[in-house]
Amino acid sequence: MKFSIAAVFGLLILSPAIALADLWAEVEHGYVDSNGVPIHYAAMGEGPLVVMIHGFPDFWYSWRHQMQGLSEQFKVVAIDQRGYNQSGQPEGQVNYAMEYLVADVAAVIQDLGEDSATIVGHDWGGAVAWQFAFALPQMVNNLIILNLPHPNGLGREMATNTEQQQNSNYARVFIEGSAEDPDILFGGPMTAQTLSGWVTDTEARQRYVEAFEQSDFDAMLAYYKQNYPGGDSDVLSAPVAPQLNVPLLIFHGLEDAALHSDGLNGTWDWNDNITTIVAVPGANHFVQQDAAETVTSTMRWWLLNQTTTDNEH
């Protein structure tokens, strides 16, 4: 096992600057049928496949900086998870159980003609990425997780860390409530506008509003009701997750108010391959946007290093 930790203050200064021009008109859009549910994705670039999975509340556009920064060396595909934006929105909470979320990612990879890919996930997308790697390790070339600790670490902190327990109170509200509750979202209503409140870029926020206007709020809550520890399913709260053996890169914005960084402790014990943890001071929960250049340049360097290592073997 190899292990490294980087606390990043302008890491990889010598990397090429990331172009800031918007990629909205540059991506190609597609749909994949996942057992009757259409899954929308945006794609750009050529090379080894990288599949990116967003969290809550988000959509494929969350990955715009990383897509642009990786597209010269990789084929980058960012999906809309079911319930969000242009993907299907099946009725019924059971349709948002983890097994279906994992199957959606597998369907995308297979439809694109590949047997495996680098899997990237943030927040709920991180939860899906972890579970995808546990269930289908043969389809994972590399695993990249942003602001979602390993299930073993998260479960430990939720059982023992008072601060993490307090930070998770919002999830209990989501589990017990409905999208129609006037105070469901941190003391306010769940609307396209309030869900987009965390987006600081004015132009990007408008695109988020439009994406959430065509999303299903009950589906967003179903992720919590079906999969969150203490919800209707214990898929994420199993005491011990399967051991991994995959190159693993983790980013964590240290200002995250929902997920305590102590959840990262011990991650290296649950993976038999190289484990790299990048702690990003000053970045909040949406680290891929809060520290876009750091995340993108680090991700590119790390993936290219993995590709070089694989070729040498």
Side-chain angles (χ1 to χ4, degrees), residues 53-59 62 81-85 93 96-98 101 121-131 145-200 205 208-209 211-213 215-238 250-264 280 282-290:
I53 316 165
H54 69 80
F56 168 89
D58 218 335
F59 74 117
S62 186
Q81 291 215 75
R82 58 173 59 200
Y84 286 86
N85 194 33
Q93 290 181 19
Y96 298 88
M98 187 59 67
L101 308 180
H122 168 254
D123 183 75
W124 270 111
V128 174
W130 281 121
Q131 296 298 326
I145 305 291
L146 296 86
N147 278 67
L148 199 285
H150 188 287
N152 289 349
L154 179 58
R156 180 193 63 225
E157 297 308 304
M158 292 189 69
T160 63
N161 186 325
T162 301
E163 185 175 352
Q164 179 60 70
Q165 293 167 353
Q166 294 172 345
N167 290 348
S168 299
N169 284 338
Y170 79 95
R172 306 302 175 198
V173 175
F174 287 175
I175 291 168
E176 297 170 3
S178 70
E180 289 71 35
D181 294 342
D183 295 327
I184 186 69
L185 189 69
F186 309 110
M190 182 174 279
T191 68
Q193 292 286 347
T194 56
L195 284 169
S196 306
W198 62 271
V199 184
T200 57
R205 185 186 296 124
Y208 271 86
V209 170
F212 293 151
E213 285 176 342
S215 300
D216 186 324
F217 299 162
D218 286 320
M220 296 180 186
L221 296 182
Y223 280 69
Y224 291 85
K225 295 175 185 291
Q226 284 291 302
N227 306 301
Y228 200 85
D232 295 339
S233 170
D234 63 356
V235 68
L236 292 185
S237 57
I250 296 176
F251 293 93
H252 195 88
L254 292 177
E255 301 304 314
D256 192 331
L259 295 163
H260 201 290
S261 58
D262 282 0
L264 301 172
V280 189
N284 211 312
H285 180 67
F286 293 88
V287 64
Q288 71 271 32
Q289 296 188 37
D290 292 343

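Side chain to side chain, Glu157 and His260 fail the donor-acceptor criterion of an N or O pair below 3.5 Å. Side chains of Gln166 and Thr162: a donor-acceptor N/O pair is absent below 3.5 angstrom, by distance only.
A 4.5 Å side-chain heavy-atom check between Trp130 and Met98 finds every atom pair outside the cut-off. You'll find the side chain of Val173 stays beyond 4.5 Å of the side chain of Asp181, heavy atoms only. Side-chain atoms of Asn284 and Trp198, non-hydrogen and from C-beta on, never get closer than 4.5 Å to each other.
When all heavy atoms are compared, the tightest approach of Phe174 to Lys225 is O-NZ, 3.2 Å. Counting all heavy atoms, side chain and backbone alike, Leu195 lies closest to Pro57 at O-CG, 3.4 Å.
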If you apply the rule side-chain contact (heavy atoms from CB on, under 4.5 Å), what do you find for Val280 with Asp290, and how did you get there? CA-CA 10 Å; Val280 189; Asp290 292 343; over 6 Å; no

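Within 6.0 Å of CD on Gln165 lie more than 12 heavy atoms contributed by other residues, nucleotides or ligands.
For the pair Gln164 (side chain) and Leu154 (backbone), a donor-acceptor distance under 3.5 Å is absent. A donor-acceptor distance shorter than 3.5 angstrom exists from the side chain of Asp216 to the backbone of Asp218, with no hydrogens or angles considered. Side-chain atoms of Asp123 do not come within 3.5 Å of backbone N or O of Gly125 as any donor-acceptor pair.
Ring orientation note: the planes of Tyr224 and Trp124 are nearly perpendicular, at an angle over 60° on the 30°/60° scale.
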